[in-house]
Amino acid sequence: MPELPEVEILVRHLAPLLKGKKVRAVEVRRKKVLGRTREEELSRTLRGATFTDLTRRGKYLLFELRSPVQKNAVTLVGHLGMTGRMYLLAKNETLPKHAAVVLKLSEHQMVYEDARYFGRLTLERGGLDKLGPEPLGDEFTAQYFAAALKRSGQAIKVKLLDQTLVAGVGNIYASEALFRAGISPRRPANKLSATQTKVLVEKIREVLKEAIRFGSTVPLDYAGDSKKDRLFYYGGIDDESDFYQERLLVYDRRGQKCVRCRTPIKRLVQAARSTFYCPSCQRA
DNA sequence: CACCATGTTCCTTG
DNA sequence: CCAAGGAACATGGT
């Protein structure tokens, strides 16, 4: 579920539901997701604290809380990994099989579930410092990106996944942005022309904004059946409307005709991840 | 059974 | 020290 747009939508969804709510108890069901944070420390820190804000940095969720007793602000840092989800359930509803951490509020409980447990919910700030600029922010300019890409001969698709270059682009939107920019995923980063770099920056912003806009139109129901939870799945499942089908132009479309030129979409593996592209529109 | 999966980190090699 | 490649993490879907 998690690239920048999905995390952004989640933040917008949860922020108003959490603000002002107080944590009554913390239930850790899978210690692994705490990273180096000790379970006892997490409980002690969060119990009695009130959510004041929820923001995002790259693919990280930043929960801000204030504790009346300890009086200093606390940041709870979340990352959804590949399969993490967060949502509120009514107080005594049944928890899902892979609930990793549950924050008990007065009338609800905030569930962080993660089937593969690749995600994290911790008090560690580390990891955030290494992140590159926000792709939708002012610092992510063609000039910045050109300078950053110049230092590497690695394939541009692989560089797009490097969170220290730009924070929040993942495997799906990397393929989508390159397709829209008409750039081969194999192109060495330091061989992009100034024009290509500029177009790529624009397309990255465009594809992420579109995904956020798309997500904003879908009613969220995280607790529901995952097959119906379309927002956080890229599609190709079943009975998709045109609206859903048009969303991703190349991702997971190997063998299907390119929407622009009808050439079959190809799949290749880079850095152990799938890349989808049109061999005609995105020439080496 | 085989292969694939929205992410990140650690290890090895050069 | 750095870049690059690969395995590992853990579970589920097709």
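As a basis for the values below, the full set of heavy atoms in this structure was taken, side chains included, without hydrogen atoms, waters or symmetry mates. Throughout, protein chains are lettered first and strands after them, A, B, ... in sequence-line order, and every chain is numbered starting at 1.
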So A/K97, base contact, sugar-phosphate only, or nothing? Heavy-atom distance under 4.0 Å. sugar-phosphate
List, by chain and number, the other hydrophobic cluster members for A/V158, where Ile, Leu, Val, Met, Phe, Trp and Tyr join if side-chain heavy atoms come within less than 4.5 Å, directly or indirectly. none
The complete set of ring-ring contact (aromatic ring centres under 6.0 Å, His included) pairs with one or both residues in residues 164-210 of chain A, sequence neighbours excluded, reads none
Run the side-chain donor-acceptor check on residues 120-127 of chain A: report pairs under 3.5 Å with partners two or more places apart or on a different chain.
{"residue": "A/T122", "atom": "OG1", "partner": "A/E124", "partner atom": "N", "Å": "2.9"}
{"residue": "A/E124", "atom": "OE2", "partner": "A/R36", "partner atom": "N", "Å": "3.0"}
{"residue": "A/R125", "atom": "NH1", "partner": "A/T75", "partner atom": "OG1", "Å": "3.2"}

Could you identify which residues cluster with A/Y277, counting Ile, Leu, Val, Met, Phe, Trp and Tyr as linked when any side-chain heavy atoms lie under 4.5 Å apart, either directly or through a chain of such contacts? A/L268
Given Watson-Crick and G-U pairs under 3.5 Å, DNA chain C in dot-bracket ([ ] crossing, | other strand) is .||||||||.||||
Testing C/dT11, B/dC4, B/dT6 for proximity to the side chain of A/M82, the answer is B/dT6
Taking only N/O atoms, report every protein-nucleotides 10-14 of chain B pair under 3.5 Å with atom names and distance.
none

Under the salt bridge (charged side-chain N to carboxylate O under 4.0 Å, His left out) rule, what pairs show up with a residue in residues 15-27 of chain A, not counting sequence neighbours? A/K19-A/D53, A/E27-A/R29, A/E27-A/K104
Which of the following nucleotides, B/dT6, C/dT11, B/dT8, is nearest to the side chain of A/P2? B/dT6
Roughly how far apart, to the nearest Å, are C/dA7 and B/dC3 at atom P? 13 Å
Pi-cation contact, A/F276 with A/R253 (under 6.0 Å, within 45°): no
Given a cutoff of under 4.5 Å between side-chain heavy atoms of I, L, V, M, F, W and Y, with clusters grown through shared members, what are the other residues clustered with A/L128? A/Y60, A/L62, A/V77, A/L131
Contacts of A/E39 that satisfy salt bridge (charged side-chain N to carboxylate O under 4.0 Å, His left out) - sequence neighbours left out: A/K31
Using the C1' atoms only, state how far C/dG12 lies from B/dT9, rounded to an integer number of Å. 22 Å
The side chain to side chain contact (heavy atoms under 4.5 Å, CB included) partners of A/R12 (sequence neighbours excluded) come to A/E8, A/I212, A/S216
Heteroatom pairs (N/O) under 3.5 angstrom, protein to nucleotides 3-9 of chain C:
{"residue": "C/dA4", "atom": "OP2", "partner": "A/Q154", "partner atom": "OE1", "Å": "3.4"}

Contact under 4.0 Å: A/K59 side-chain N or O vs B/dT6 OP1/OP2: no
Taking only residues two or more places apart in sequence or in another chain, which ones pass salt bridge (charged side-chain N to carboxylate O under 4.0 Å, His left out) with A/R44? A/E40
